[in-house]
Amino acid sequence: MRYPLLMASTVLALLTACHERTETAAAQPSAPAPASKFVDAPLVTDLYTADPSAHVFDGRLWIYPSHDIESNIASDGQGAQFDMRDYHVYSMDRIDGPVTDHGVALDLKDIPWASRQLWAPDAARKDGTYYLYFPAKDHDGVFRIGVASSTRPEGPFKAQPEPIAGTYSMDPSVFEDDGHYYLILGGLRGGQLQRWATGTYQAEDTFPEDSAPALVPKMARLNDDMTSLAEDLRPVVIQDEQGKPLTAGDKARAFFEAAWLHKYDGKYYLSYSTGDTHFIAYATADSVYGPYTYRGVILKPVVGWTTHHSIVEFNGQWYLFYHDAQLTGKTHLRNMKVTSLHYNDDGTIQTIEPMRP
Ligand code: FUB
């Protein structure tokens, strides 16, 4: 059982309803769960924030989240209720210190190719320029990855006139290793990854059989200009400890969305959401391109259907940034949080419980 001592019927109803991203808005609860059950508090409460990508630039912690809003669009099974229209950038000089909102960093109206849904972004810095990578639907309703740049970490960012050629789907994140930058992306269902099985966009969904290898994130090295791919996107294989690719039916372990790369003690760590089973899981590899071997769960399910995170080292301590729906109980109105992350001596990550029993 996930929460064995949690007997309050309201909280149980909340947890059940919140794990239905593909259901109608009417299925969503209207009351938040009691604050005392949550291990961590929301980092900001005046705006709804989600998908927090954290980075340290010049000793300061910078957060690039989605900015959730209520636009009263009903859920359509494709995430239409996630109708975000701009990005705010946040920063902190210490983890338990105040969080500064630097205001609007990029607005949908200033992205020529994008029509809607500014979903989970990430940022990177190279040679004194800051790059914001973000997904949005183009004017044909197809998710693409865009990039915008600024001389400052908080923006404002100026978007490129076109999406990054050769990219698709959503949830981009950028990982730097040895002076090279790698873009990893992808997400199922509303994220449209299942529509790219042939390499070109098909309006129909094509999911693998449960016994077939699961869909996986895609990755490519970025060119020095940080705005184009140096190679075609390639699949990032996630396998079990016997070296077999995880299957699509392996819902507790297979990739769904929210890929994040980091490195610890010489090993590459790929973490991601398992979607329907609501875990942040992880896998490790000796090469940045993989294959990655499944290792376990970093974060147990949070309140809300989605789970999305980043992992960063700051002042000698590792942190997991994540979100839940504590403030609203609504899956599309989330709040970002941070908690400490710990490794065991063998490099495995200790599983984090976001709720108290
Ligand atoms: O915020 C919109 C979408 O919800 C993200 O792109 C997914 O990762 C999920 O968190």
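Only this structure's heavy atoms are used, side chains among them; waters, hydrogens and symmetry mates stay out. As the structure lists them, so they are numbered: ligands from 1, and atoms in each ligand from 1.
Residues satisfying the salt bridge (charged side-chain N to carboxylate O under 4.0 Å, His left out) criterion with Asp101, sequence neighbours excluded, are absent altogether.
For ligand 1 and Thr306, the ligand atoms under 4.0 Å from any heavy atom of the residue are 4 (O), 9 (C), 10 (O). Less than 4.0 angstrom separates some heavy atom of Met170 from each of these atoms of ligand 1: 6 (O). Of all atoms in ligand 1, numbered sequentially from 1 with element shown, those under 4.0 Å from a heavy atom of Met84 are 1 (O), 2 (C). Near Asp171, with a cut-off below 4.0 Å to any heavy atom, the atoms of ligand 1 are 5 (C), 6 (O), 7 (C), 8 (O). Every atom of ligand 1 is numbered from 1 in the order shown, and the set under 4.0 Å from a heavy atom of Ala120 is 6 (O). Using a 4.0 Å cut-off to heavy atoms of His308, the atoms of ligand 1 that qualify are 7 (C), 8 (O), 10 (O). Atoms of ligand 1 lying under 4.0 Å from at least one heavy atom of His323, given by number and element, are 10 (O).
Around the CG atom of Asp96, the shell of radius 6.0 Å holds more than 12 heavy atoms that belong to other residues, nucleotides or ligands. With a 6.0 Å radius and a threshold of 12 heavy atoms from other residues, nucleotides or ligands, Asp224 has its CG atom at or below the threshold.
Taking 4.0 Å as the cut-off between side-chain N and carboxylate O, Arg295 and Glu241 count as a salt-bridged pair. The pair Asp83-Arg85 meets the salt-bridge criterion, since a charged nitrogen lies less than 4.0 angstrom from a carboxylate oxygen.
Both tests pass for Arg234 against the ring of Tyr289: distance under 6.0 Å to the centre and angle within 45° of the axis.
With Trp62 as reference, His102 is the one residue of His102, His55, His88 to meet the ring-ring contact (aromatic ring centres under 6.0 Å, His included) rule.
Taking all heavy atoms of Arg334, Glu257, His332 into account, the minimum distance to atom 4 (O) of ligand 1 is reached by Arg334.
The closest approach between a heavy atom of Gln117 and any atom of ligand 1 is not below 4.0 Å.
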